[in-house]
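Taking it in order: structure first as structure tokens, then the write-up.
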Number of protein chains: 2
Amino acid sequence: MKTTKTHASLKDIANYVGVSISLVSFVLNDKARQHRVSEEMVRKIKEAAEKLNYQPNIFAKSLREGKSHVIGVVLSDISNPFFSSIARCLEDEAEKYGYSVLFSSSDENRERSEKQIAHLINRGVDGLILVPCEKSQSTVRAVLETGKPLVLIDRYFPDVHTNYVCLNNREMSRLATSTILASGYSHPGTIAYDTTLQHMLDRRSGYRQAMEDAGKAAFVSESLIRECDLHQSISSAIDKLLAEGVDSLLFATNNIATESLMVIKNKGINVPGELGIIGFDGGSAFDLFQVPISYIQQPVALMAQKTVEIIMDEILVGQRLTHQIEVQGTLVIKESTKK
Amino acid sequence: MKTTKTHASLKDIANYVGVSISLVSFVLNDKARQHRVSEEMVRKIKEAAEKLNYQPNIFAKSLREGKSHVIGVVLSDISNPFFSSIARCLEDEAEKYGYSVLFSSSDENRERSEKQIAHLINRGVDGLILVPCEKSQSTVRAVLETGKPLVLIDRYFPDVHTNYVCLNNREMSRLATSTILASGYSHPGTIAYDTTLQHMLDRRSGYRQAMEDAGKAAFVSESLIRECDLHQSISSAIDKLLAEGVDSLLFATNNIATESLMVIKNKGINVPGELGIIGFDGGSAFDLFQVPISYIQQPVALMAQKTVEIIMDEILVGQRLTHQIEVQGTLVIKESTKK
DNA sequence: TTGGAATATTAAAACGATTTAGCTATATTC
DNA sequence: GAATATAGCTAAATCGTTTTAATATTCCAA
């Protein structure tokens with residue numbers, strides 16, 4: 001017959017064996033030697049723990065240590081393939097340290113993200129991993145002030161001194177653009193988000209850099225779009241760019257790429273003949289297009305690994321060096337850029 | 001100057017105002033009236049709490065109440081679009097109750113999922129939402145025995161009496177198949193996973209039902225594949241089905257569909273002319289194919305809502321009725337089935 | 001003037017684990 | 001034989017809440 005009592009506690013074991021709670025605690029925390037517990041007692045207590053199926057109460061432990069063994073993560077939207085793959089990798093990495101991960105989706109909304117961060121901190125997370133949204137410098141600074149370990153991922157603020165892990169966005173964008181040029185497209189354009197977020201600025205500036213390097217500074221054709229009504233905006237952005245004589249496009253994110261490809265397909269534009277294309281982030285979707293799409297690949301697993309490494313260092317060791325890591329992307333060339 | 005002390009406690013407020021801890025607790029938990037705390041005292045305490053920026057310590061609270069206000073979720077793989085969209089909806093629903101969600105990806109591996117479940121229970125989650133993997137009836141039963149609120153989602157076991165929320169798989173599959181037939185395809189086949197999981201059996205049996213109803217029981221062409229080496233298996237599965245004279249296909253999951261479309265594209269097969277197609281679950285990917293793909297749409301948000309509703313009922317009210325919910329899918333017809 | 005309500009507040013136990021300081025014996029040293 | 005180590009164990013505080021039972025004060029009726 002099962003009682004309502006959920007689990008055996010140290011006390012239960014202590015009573016069962018007929019010793020004090022302290023002794024049981026010592027033994028089960030591998031401090032038996034340190035506290036000179038006799039061999040026989042160790043055996044007895046371990047047996048009892050086994051028999052009573054002892055599981056330490058995590059609430060009590062957390063209360064005592066002031067640690068939850070949970071990391072909080074706020075990202076844009078976990079249903080976005082790029083972020084869900086990051087999520088998966090973060091989960092796997094954290095597990096290696098015995099840590100769990102609590103996710104929140106901010107939808108790029110600053111207020112929402114602030115609430116979520118506050119909520120996570122109240123939840124007692126031991127550290128925070130953030131994909132910060134636009135103009136959230138003050139939010140990030142506020143987190144820094146709490147002293148909670150913090151790592152930004154995918155994005156960073158040049159004017160906020162924090163840990164971060166992100167792609168070498170500028171360089172990858174430059175490389176992609178110069179690759180397009182080298183493939184024989186003379187007028188590449190780009191579509192990016194209309195945001196002040198640094199990773200986006202970097203992706204745009206990489207494009208411009210390549211154009212300058214090619215002596216084409218005069219022909220820089222960028223379309224910036226807001227995230228709302230994405231489909232609508234993309235459609236008119238593409239119209240505009242084509243009217244300007246663009247013969248190839250670099251898409252700054254996977255969402256932009258997906259929407260754009262839809263529009264391009266509907267317009268019946270031929271890729272790569274009429275239009276060359278490079279996207280950010282791969283994904284099976286891009287291989288289903290009329291022709292496989294070239295793309296800039298982000299080493300998501302590595303990014304997650306570095307991120308968790310940094311945060312665990314701070315949590316466990318109390319390390320306080322600032323790590324700012326730029327990981328290298330890979331340009332994956334497929335059919336969409338072969339004129 | 002900031003002290004290392006993280007946060008103000010009830011004690012700090014009590015000292016500040018010069019009253020007992022109990023009083024502060026009453027006031028801050030809105031039990032002032034019930035405990036006849038004077039108006040003035042309520043004001044003073046609330047002010048002090050505000051001033052000291054009081055945040056209740058969740059560990060202490062959890063230890064006391066035996067509740068964590070966290071729900072654990074074990075699903076196949078959070079980086080799979082279907083599950084990440086479920087994840088997102090679960091997150092949103094749970095938030096309405098002030099609950100957070102802890103995700104784990106089992107990779108359809110039973111042992112892995114068992115560890116994760118144990119880990120989540122140790123973490124003190126108040127309930128579990130599971131996408132159970134094959135042959136994990138005993139695991140599910142074990143969870144039931146702990147008394148933890150439990151809801152299965154997407155899948156269920158006919159021989160285990162649990163809460164679950166899933167699609168009317170059989171009916172949707174039947175409808176999809178009969179729609180294919182009605183569109184003029186005479187020899188539909190299906191590709192599904194080689195598993196004993198009920199949702200997959202249902203999807204297959206729906207197909208067979210439709211074939212029977214159409215008097216075509218004789219021509220039932222199913223290819224079952226294992227999840228490993230998905231791409232390879234799919235390729236040969238399609239070869240086999242085509243050799244059998246299949247002129248249209250129903251894919252039992254989004255992963256199967258994605259892989260299959262890739263193969264079909266590479267083989268240069270014309271859709272819908274040579275081959276009609278219906279998939280499970282939509283996704284922007286399917287719209288990038290040569291022709292938009294018809295698909296069975298699952299009401300993911302509704303499923304998540306029902307799931308969380310059931311589990312919160314058990315957690316908060318202690319309700320112990322068993323809810324077994326089948327939600328209705330929608331057949332979305334696009335070009336891929338228009339012969 | 002004594003007893004009983006009603007009001008306003010507090011003390012203390014409990015949740016379960018960790019850890020410091022302390023208490024017995026017995027063993028060792030000079 | 002007295003002083004001191006040492007081995008083996010326990011008591012009790014602590015983390016921050018919640019909640020029950022108790023206390024103290026006032027007020028009113030009998």
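Naming: A, B, ... by sequence-line order, numbering from 1 per chain. Being a predicted model, the structure only gives us computed values, none of them experimental.
Ranking D:dT10, C:dA17, D:dT17 by closeness to the B:S9 side chain, first place goes to D:dT17. Set against D:dT19, C:dT20, D:dT17, the side chain of B:N57 has D:dT17 as its closest nucleotide. Of the candidate nucleotides C:dG16, C:dA13, C:dT20, C:dG16 has the atom lying nearest to any side-chain atom of A:R64. Nearest to the side-chain atoms of A:V37 among the listed nucleotides D:dC9, D:dT20, D:dG16 stands D:dC9. For A:L63, the listed nucleotide lying nearest its side chain is D:dC15; candidates were D:dC9, D:dC15, C:dT9.
In this structure the side chain of A:V151 never reaches within 4.5 angstrom of the side chain of A:H323, judged on heavy atoms. Counting heavy atoms from C-beta on, the side chains of B:V160 and B:L152 never come closer than 4.5 Å. Counting only heavy atoms from C-beta outward, the side chains of A:L28 and A:V24 approach each other to under 4.5 Å.
Checking the phosphate oxygens (OP1, OP2) of D:dT18, a side-chain nitrogen or oxygen of B:K61 falls inside 4.0 Å. Distances shown here put a side-chain N or O of A:N29 below 4.0 Å from the OP1 or OP2 atom of C:dT18. For the pair B:S20 and C:dT10, the criterion of a side-chain N or O lying under 4.0 Å from OP1 or OP2 is met. The shortest distance between the side-chain N/O atoms of B:S25 and the OP1/OP2 oxygens of D:dT18 is below 4.0 Å. Close to D:dG8, at under 4.0 Å from its OP1 or OP2, lies no side-chain N or O of A:S38. Distances shorter than 4.0 Å separate none of the side-chain N or O atoms of A:K11 from OP1 or OP2 on C:dA17.
Going from atom NZ of B:K31 over to atom C1' of C:dT7 covers 19 Å, rounded to whole Å. Straight-line distance from the CG atom of A:L23 to the C1' atom of D:dA11: 13 Å, rounded to whole Å. A:L10 has its CG atom 20 Å from the P atom of D:dT14, to the nearest Å. Summarising the geometry, the separation between NE2 on B:H69 and P on D:dT17 is reported as 14 Å, rounded to the nearest angstrom. Remark: C1' of D:dC9 and CZ of A:R33 are 17 Å apart, rounded to the nearest angstrom. Counting to the nearest Å, the P atom of D:dG16 and the CD atom of A:E65 are 14 Å from each other. Nucleotide D:dT10 holds its P atom 11 Å from the CD1 atom of A:I21, rounded to whole Å. Per the geometry, CG belonging to A:N122 stands 15 Å off C1' belonging to D:dT17, to the nearest Å.
A donor-acceptor contact under 3.5 Å links the side chain of A:S22 to the base of D:dA11.
More than 12 non-hydrogen atoms from other residues, nucleotides or ligands lie less than 6.0 angstrom from CZ of B:F157.
Note: B:H69 and B:Y99 have tilted aromatic rings, judged against thresholds of 30 and 60 degrees for the angle between ring planes. Note on ring orientation: taking the six-membered ring where Trp is involved, the planes of B:F103 and A:F103 are tilted (angle from 30° to 60°).
Backbone-only engagement by B:Q55 is indicated by non-hydrogen atom pairs under 4.0 Å involving sugar-phosphate atoms exclusively. B:F59 comes within 4.0 angstrom of no nucleic acid atom, judged by non-hydrogen atoms across all strands.
With the nearest nucleotide of DNA chain C identified for both A:I58 and A:R36, A:I58 has the one nearer the 5' end.
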